[in-house]
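Each chain gets a letter, A, B and so on, in the order its sequence line appears, and its residues count up from 1.
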Amino acid sequence: MNRVPQVDDTPPHRYDARLANEIEKKWQDRWEAEGTFHAPNPVGDLAEGFDEVADLPKLYVLDMFPYPSGSGLHVGHPLGFIGTDVYARYMRMTGHNVLHAMGYDAFGLPAEEHARQTGEHPRVNTEANIANMRRQLRALGLAHDERRSVATTDVSFYRWTQWIFLQIFSSWYDPEADRARPVADLIAEFESGERDTGTGTPWAEMSEIQRRELIDSHRLAYVDEAEVNWCPALGTVLANEEVTAEGRSERGNHPVFRRPLRQWKMRITAYADRLLADLDLVDWPNSVKIMQRNWIGRSEGARVFFDVADRPDATIEVFTTRPDTLFGATYMVLAPEHPLVEQVTTETWPEGTPDRWTGGAATPAEAVAAYREYTARRSDLERQVDARDKTGVFTGGYAVNPVNGDRLPVFIADYVMMGYGTGAIMAVPAQDQRDWDFAAAFDLPVIRTVQPPDDFEGEAWTGEGTTINSANPEAGLVLDGLGVEEAKTTIIAWLTEHGHGEGTVTYKLRDWLFSRQRYWGEPFPIVYDDTGLPIALPEEMLPVELPELIDWAPRSLDENAEPEPPLGRATDWAEVELDLGEGPRKYRRELNTMPQWAGSCWYYLRYLDPTNDGAFVDSTVERYWMTDPTGGVGGVDLYVGGVEHAVLHLLYARFWHKVLYDLGHVSGPEPFSRLYNQGYIQAAAFQDSRGVYVPAAEVVEEPDGSFTYQGQPVERIFGKMGKSLRNAVTPDEMYESYGADTLRLYEMFMGPMDQDRPWETKSVIGSHRLLQRVWRNLIDEQTGQPNISDVEAPEELRRSLHRTIAGVTEDFAAMRFNTAIAKITEFNNELTRLEGPTPEELATPLVLMLAPLVPHFAEELWSRMGHPRSLIREPFPTFDPGLLTSDTVEIPVQMNGKVRTRITVPADADREAMTAAALASPRVVELLGGAEPRKVIAVPGRLVNIVV
RNA sequence: GCCCGGGUGGUGGAAUGGCAGACACGGAGGAUUCAAAAUCCUCUGCCCGAAAGGGCGUGCGGGUUCAAGUCCCGCCCCGGGCACCA
């Protein structure tokens, strides 16, 4: 290579990656040493310095709890963190005591899988990952109060997770008071006889075990033998919410099987109504509220009891949202697993049973057995695909319609599910398309009870209409002529009066399956005695620490394997001798662990008071940070995270918060008063002709716009950044090429915070150039000294500055960082055109406006401009409204809505003056050609439109 | 199927019913330089035109309005959520 030796004539003090890295390191160290980001608490360990901020309003800004992944961060991860940091820094400069902290949601499957593969304890791996993530985040210059950083895996943290579990375990939901209360109150009410036990046996006559079982059945955390989602590949059960519609695990996409198992559950359904109603109190994206509402799935209707013909002991209870259509019921359906199926099924087929109904079986019992087997084999996916092809068999039994005594054949069919309502329906084909489809397939009658519109040509009519064919005058029941709503009210009253049913509300929401067969999670603070009933460990025995495990050997588990909690292998730990008040006795520990959601249900409360050994959070501290002084619902002031947590995490956390609120441990009913969903950074990924992903960084864009990798054409797609698509770009790469401030600025500039956007490494240079230009406007690149003078700024630039401040202030407050940056850029571009040193009155506000976005950069300039102290609490620049307007404005003149020319008029010109000026302009005179305009619209300060 | 979002230059995106495309990337040209990088300046939606200027243009089709990316009606496409929920 005979290259000419290069002389590096880059000025010594140019803002480039090398200088940026130097500056960033310096300021990060200084911030840490000076505790710049410490947010003082009103009392307790972290109260130092509170006097200085006592008069300021508080602000609690929070990021969703990150999982410290082993592969480290890519540039998509910190988008939200940077956004909250910019906002939090801005709010500090507008005079708020801002709490912003970051912790780690560090329990979970990946660390345990890693342990299985390497034999290394999950804690070792987890702590290494946390350390790496801390390093990467620190390099971004995020203004977190590092004293408040916690990890769910810290014993000092999960001790309080266990404590909260005990609070929930020791509570029950009092429907009259509509809140959770201590179980002790319930026992007292049973003892005094104030509350009926509901078992038919008075408390005084119950045995000790009966009493415990009764109490346990009321607890908000309870053990239940129930159908659960067993995922052998993960070796654990999953919550319903963790299973996809295809019957696979959300994590890893492994097959999931239904099987009965003894498991912990949380009675979240008791809170269904409040979780729904209180959504009205919070400032959340509408889409998230809707998702939560759908998930809770409240629906109003009625329970109706149907006697079974010739079976006096059996009653089929159905839930319907359309009790007004009861006269249109022509058959009944039970879910295949419904417990009444055996009782309803007859020995032989009734006379005249159509062949279509029997499934070809000789007896109803055989038909039922065969159909049950068929449905058990059928996957959820298959069922969805042919949802309109209804299947089922007749049980041979009949139910009696309470409104008119009609005999209705009872079927089993898999379009009715055990998990919703009562697992049984009355089928009304005329007003329900699913029932219509089934009726058509099985040749069942259709009776319209709502008059469809004359031009209706469809099948089932589910809309409004007049009730018809619905009268039984002898029973005192006439619905004919009523609208749907009136008919519902009338029939519910009739059902209630005659003991055939009642109005009721049903929810889709199920109780929350709370135990997992994993090691790397919080142990339950629960032991069992000989009765097999759970006993809460007393608070003083917390924490219950995880035992050390040596055996990480993978177990091959299949569908039929007995789920086996790893803690069962810690035999020394599993059995324990304790004195729980009755002298030392042997107990068995609970071997399941809590799901990963547990820690994220309350971490935001621990940030408030992370070092407190006497309480999960001090109540004065909690009130200070979580109460809205203006009387709002309170809670975290701004919570930012991805929309993928719209249902699970946010619903669980709200539930725990409400329990804690009911028990008096927190001051408000909602944890997060304002929620903001950040978008995702997507990135281009490239597939070769075999469909294999190639390293995106090595793909070349050809002049014709196509892409090649090593000379071979590849195809571009967009997707999540990550290892699997081989398109990850790390923050470390960006620090090296441009510095962290450039990365921050670019991420904020790419587009609105709440939108997905594609990452483009080649565009980062633009943000870097902005910083270079600002630097050059304020610093002499040869000497590194400020190039700033105290001469007055030209009038035009001063006005421009004040317009910029006004716009940026508004944009920052609304988290529109991209447009704020555009305004700053525009102002700086004007500044660039100015000859000579930059006037101080322009330089200072510019630096302060940039400070939230690029904090190291701004601190460095601030310091070079002669300020000894950090600008962290420097007041944000204010603007003079008088400078926002100018004396004259240029406005467009339209003719018939099309811009034809522009005129300059005094800013305060009224309609007449504007019209006159417009009509006098040469261009308008020319175009009018002497004609009279039909009409002239003049909007002061805006435009003139001449209609001809 | 139902419920939410969203469709604007080559690209990311900007626009209280009032000049569509701010700002940036990319591209073109120029200044500077022995040369290059860097920097600075100019241009850059499409079409016609030498220019002046004109026409078209915010997914498609209608409508309201002096004026529509923005409001209304009907479609199409993309993304997300839910889904035989009685």
Side-chain angles (χ1 to χ4, degrees), chain A residues 3-4 6-11 14 16 245 285-291 293-295 297 299 301 318-322 325 333 335 380 383-384 386-390 413-417 419-428 431-435 437-438 506-508 643-644 646-647 677 701 705 746 749-752 754-767 769-770 772-773 776 781 816 818-826 828-829 832-833 890-902 923 933-939 941-948:
Chain A
R3 293 181 63 176
V4 182
Q6 302 235 338
V7 185
D8 183 7
D9 56 0
T10 304
R14 166 156 298 175
D16 55 13
N286 205 28
S287 58
V288 175
K289 289 189 180 186
I290 288 170
M291 280 190 247
R293 285 196 189 104
N294 289 344
W295 193 264
S299 75
V318 306
F319 172 74
T320 175
T321 55
R322 294 296 303 274
T325 66
V333 184
D380 285 353
R383 287 187 41 227
Q384 272 171 53
D386 15 88
R388 288 223 41 182
D389 296 329
K390 295 287 184 286
D414 67 355
Y415 84 92
V416 172
M417 273 148 305
Y420 183 78
T422 61
I425 62 159
M426 63 176 207
V428 186
Q431 274 88 227
D432 184 296
Q433 188 60 43
R434 293 156 302 177
D435 296 344
D437 294 338
F438 189 89
T506 299
Y507 302 90
K508 249 165 68 182
V643 73
E644 77 270 20
V647 176
N677 289 127
E701 181 168 5
Y746 175 64
F749 181 62
M750 288 169 81
D754 56 357
Q755 234 169 69
D756 292 352
R757 64 305 271 292
W759 176 266
E760 268 199 344
T761 298
K762 69 171 186 185
S763 297
V764 180
I765 186 75
S767 298
R769 279 185 201 140
L770 170 61
Q772 284 188 329
R773 284 197 268 252
R776 208 162 22 240
E781 288 190 322
R816 287 190 303 254
N818 56 328
T819 51
I821 294 166
K823 286 169 183 134
I824 292 172
T825 306
E826 244 172 312
N828 186 61
N829 286 347
T832 305
R833 279 175 223 122
E890 192 192 55
I891 58 159
V893 178
Q894 298 182 335
M895 296 186 75
N896 290 337
K898 288 184 198 295
V899 179
R900 291 304 179 205
T901 188
R902 280 159 228 282
R923 181 83 183 127
R934 283 220 324 244
K935 191 175 177 184
V936 179
I937 288 109
V939 183
R942 282 288 179 190
L943 55 40
V944 178
N945 189 9
I946 300 165
V947 185
V948 292

Say you pick atom C1' in B:G26 and the same atom in B:G45; how far apart are they, in whole Å? 15 Å
Quote, to the nearest angstrom, the P distance that separates B:A51 from B:G63. 36 Å
What's the gap between B:G21 and B:U33 when it is taken at their C1' atoms, as a whole Å value? 36 Å
Distance in Å, A:Ile891 CD1 paired with A:Leu943 CG, rounded so as to fall on 0.5 Å steps: 7.0 Å
If you restrict it to nitrogen or oxygen atoms, what contacts under 3.5 Å exist between nucleotides 52-58 of chain B and the protein, and what is each distance?
| from | atom 1 | to | atom 2 | distance (Å) |
| --- | --- | --- | --- | --- |
| B:G53 | O3' | A:Arg923 | NH2 | 3.1 |
| B:G54 | OP1 | A:Arg900 | NH1 | 3.4 |
| B:G54 | OP1 | A:Arg923 | NH2 | 2.6 |
| B:G55 | OP1 | A:Arg900 | NH2 | 3.3 |
| B:G55 | OP2 | A:Arg900 | NH1 | 3.2 |
| B:C56 | OP2 | A:Lys898 | NZ | 3.4 |

Considering only the C1' atoms, how many Å lie between B:U11 and B:G80, rounded to the nearest integer? 24 Å
Close N or O pairs between protein and nucleotides 63-71 of chain B (under 3.5 Å):
| from | atom 1 | to | atom 2 | distance (Å) |
| --- | --- | --- | --- | --- |
| B:C66 | O2' | A:Asn945 | ND2 | 3.2 |
| B:C66 | O2 | A:Asn945 | ND2 | 2.8 |

What's the gap between B:A22 and B:G69 when it is taken at their C1' atoms, as a whole Å value? 15 Å
Protein-to-nucleotide contact annotation, 5' to 3' order, nucleotides 25-34 of chain B [B base; S sugar-phosphate only; - none; under 4.0 Å, heavy atom]: SS--------
Over all strands shown, is A:Asp435 touching base, sugar-phosphate only, or nothing at heavy-atom distances under 4.0 angstrom? nothing
Please measure how far the C1' atom in B:G59 lies from the corresponding atom in B:A68, and state the result in whole Å. 16 Å
Starting from the C-alpha separation in whole Å, work towards a yes-or-no answer on side-chain contact (heavy atoms from CB on, under 4.5 Å) for A:Arg900 and A:Ile946. CA-CA 10 Å; A:Arg900 291 304 179 205; A:Ile946 300 165; over 6 Å; no
For A:Tyr415 and A:Phe438, take the angle between the two ring planes, folded into 0 to 90°, and tell me which bin it lands in: parallel under 30, tilted 30 to 60, perpendicular over 60. tilted
Using a heavy-atom cut-off of under 4.0 Å over every strand shown, decide if A:Asn818 touches base, sugar-phosphate, or nothing. sugar-phosphate
Is A:Arg14 near enough to B:U39 that one of its side-chain N or O atoms lies under 4.0 angstrom from OP1 or OP2? no
Check every strand shown and say whether A:Thr506 touches a base, only sugar-phosphate, or nothing at a heavy-atom separation below 4.0 Å. nothing
Given the C1' atoms of B:A35 and B:G53, what is the spacing between them in whole Å? 44 Å
Would you indicate whether the side-chain heavy atoms of A:Asp435 and A:Ile425 approach each other to under 4.5 Å? yes
What verdict does the salt bridge (charged side-chain N to carboxylate O under 4.0 Å, His left out) test give for A:Arg434 and A:Asp432, after you've listed the backbone C-alpha separation in whole Å, the side-chain angles of each residue and the deciding distance to 0.1 Å? CA-CA 6 Å; A:Arg434 293 156 302 177; A:Asp432 184 296; 2.5 Å; yes
Glycosidic torsion of B:G69 (syn if within 90° of 0, anti otherwise) classifies it as anti
Residue pair A:Lys935, A:Asn945: steps toward the side-chain contact (heavy atoms from CB on, under 4.5 Å) verdict: CA-CA 8 Å; A:Lys935 191 175 177 184; A:Asn945 189 9; over 6 Å; no
State whether the distance check finds a donor on one side and an acceptor on the other, under 3.5 Å, for side chain A:Arg942 versus base B:U16. yes
I'd like a list of close polar pairs between nucleotides 1-9 of chain B and the protein, N/O only, cut-off under 3.5 Å.
none

Determine the Euclidean distance between corresponding P atoms of B:A28 and B:A37; express it in Å to zero decimal places. 12 Å
If you restrict it to nitrogen or oxygen atoms, what contacts under 3.5 Å exist between nucleotides 43-49 of chain B and the protein, and what is each distance?
none

For a quick check of understanding: with a heavy-atom distance under 4.0 Å over all strands, which category does A:Lys823 fall into, base, sugar-phosphate or nothing? nothing
Are A:Asn829 and B:A22 close enough that a side-chain N or O sits under 4.0 Å from OP1 or OP2? no
Under the side chain to side chain donor-acceptor pair (under 3.5 Å) rule, collect the residues that match up with A:Lys390, sequence neighbours excluded. none
